[in-house]
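To start, the structure under review is shown below, and the notes come after it.
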Amino acid sequence: MKRKGILVVVSGFSGAGKGTLMKQLVKSYDTYALSVSMTTRNPRSGETDGKEYFFVSKDTFEKEIARGGLVEYAQYCGNYYGTPKEYVEKQLEHGKDVILEIEIQGALKIKEKFPSALLLFVTPPSVKELKRRLSGRGTETEDVINARLARAGEEAEGIEKYDYLVINDDLDTCVAQMHALIQGAHNAPLRNEEFIETIRTQLKELAKGEN
Ligand code: 5GP
């Protein structure tokens, strides 16, 4: 039986270390495909178009929404962010587990559209550590950092909507834990409906034959 890919949503406060975690996960195991989102925010220094994001204008983004080219999109701290549809569909068909690193509104839209998506929430071990990581990045102004911390407060209200919490203390431990959660999720009945149906049909046929 060909294994189908799972849609994995990874959310977490800005500064939780999701980017590093995802890069390490994809590098360590070949079962994952990382979706590259489209955004209207400006690139940070060191970011390349097509790698971290597809950086586009507001006009281009809105055309993409109208064309139906996004699986989901949301506004975050004054900018649009969205998931291009084509890549996600193709990779799932190829049996890859597709990772969407997106914020909570998008995560909930995905859960609605794809009930079998797995939702993970990444958090640093403490808020003190979160502030340290956000400031330490040195790529954002004080205002942007404060807006992101305020947004973290709102996002914290929705954590229970996720399937698992992942505490990002040590990178390697965290990557191994995420891999175990995702691979374990493949065995949940809701992700194996076809297999379960086949077993049931075969059992019924067997029962008929014996009676
Ligand atoms: P950043 O500006 O720090 O790269 O991202 C800001 C937030 O937008 C993060 O929480 C990130 O996960 C989220 N994000 C990135 N891409 C997408 C997307 O395609 N859709 C949604 N809904 N959120 C996204």
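None of these values were measured; they are calculated from a predicted model. Order of listing sets the numbers, starting from 1, for every ligand and every atom in it.
Nearest residue to atom 18 (C) of ligand 1 from T39, I102, V122 is I102 (criterion: closest heavy atom). Comparing E72, M22, E103 by heavy-atom distance to atom 13 (C) of ligand 1, the nearest is E103.
At least one heavy atom of R148 lies less than 4.0 angstrom from ligand 1. Residue contacts with ligand 1: E155 is excluded, as none of its non-hydrogen atoms falls under 4.0 Å. Not a single heavy atom of F13 sits under 4.0 Å from any atom of ligand 1. Within the structure, ligand 1 lacks M38 among the residues with a heavy atom less than 4.0 angstrom away.
With hydrogens left out, the protein atom closest to atom 4 (O) of ligand 1 is Y53 OH, 2.5 Å, a heavy atom. When only non-hydrogen protein atoms are considered, atom 9 (C) of ligand 1 lies nearest to K18 NZ, 3.7 Å.
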E62 and Y80: CA distance, side-chain angles, deciding distance, side-chain hydrogen bond (donor to acceptor under 3.5 Å, both in side chains) verdict: CA-CA 9 Å; E62 286 173 347; Y80 276 129; 3.0 Å; yes
Y81 vs S37, side-chain contact (heavy atoms from CB on, under 4.5 Å): CA-CA, chis, key distance, verdict: CA-CA 7 Å; Y81 293 81; S37 295; 5.5 Å; no
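Contact annotation for Y81 and ligand 1: heavy atoms of both the backbone and the side chain come within less than 4.0 Å of the ligand. When non-hydrogen atoms are compared, ligand 1 lies under 4.0 Å from neither the backbone nor the side chain of Q105.
Every atom of ligand 1 is numbered from 1 in the order shown, and the set under 4.0 Å from a heavy atom of S37 is 16 (N), 17 (C), 18 (C), 19 (O). Applying the 4.0 Å criterion to heavy atoms of R44 picks out, from ligand 1, the atoms 1 (P), 2 (O), 3 (O), 4 (O). Near A74, meaning under 4.0 Å from one of its heavy atoms, ligand 1 places the atoms 22 (N). Ligand-side atoms of ligand 1 in range of G106: 22 (N), range being under 4.0 angstrom from any heavy atom. Atoms of ligand 1 lying under 4.0 Å from any heavy atom of R41, numbered from 1 in the order shown and given with element: 1 (P), 2 (O), 4 (O). Proximity to G82 (heavy-atom distance under 4.0 Å) selects the following atoms of ligand 1: 18 (C), 19 (O), 20 (N).
In this structure, K111 forms no cation-pi arrangement with Y162, as its terminal cationic atom is not both closer than 6.0 Å to the ring centre and no more than 45° off the ring axis.
Note that CD1 of I99 and CE of M22 are 5.5 Å apart. Values are rounded to the nearest 0.5 Å.
In terms of hydrophobic clustering, with Ile, Leu, Val, Met, Phe, Trp and Tyr side chains grouped at heavy-atom distances under 4.5 Å, L92 and I182 are assigned to different clusters.
You'll find the side chain of L70 stays beyond 4.5 Å of the side chain of T83, heavy atoms only. The shortest distance between side-chain heavy atoms of V166 and Q177 falls below 4.5 Å.
By the 4.0 Å N-to-carboxylate-O rule, R41 lies close enough to E47 to be salt-bridged with it.
Checked against a 6.0 Å centroid threshold, the rings of F54 and F61 do not count as neighbours.
Ring geometry, Y29 versus H179: the interplanar angle falls under 30°, so the pair is classed parallel (tilted spans 30 to 60°).
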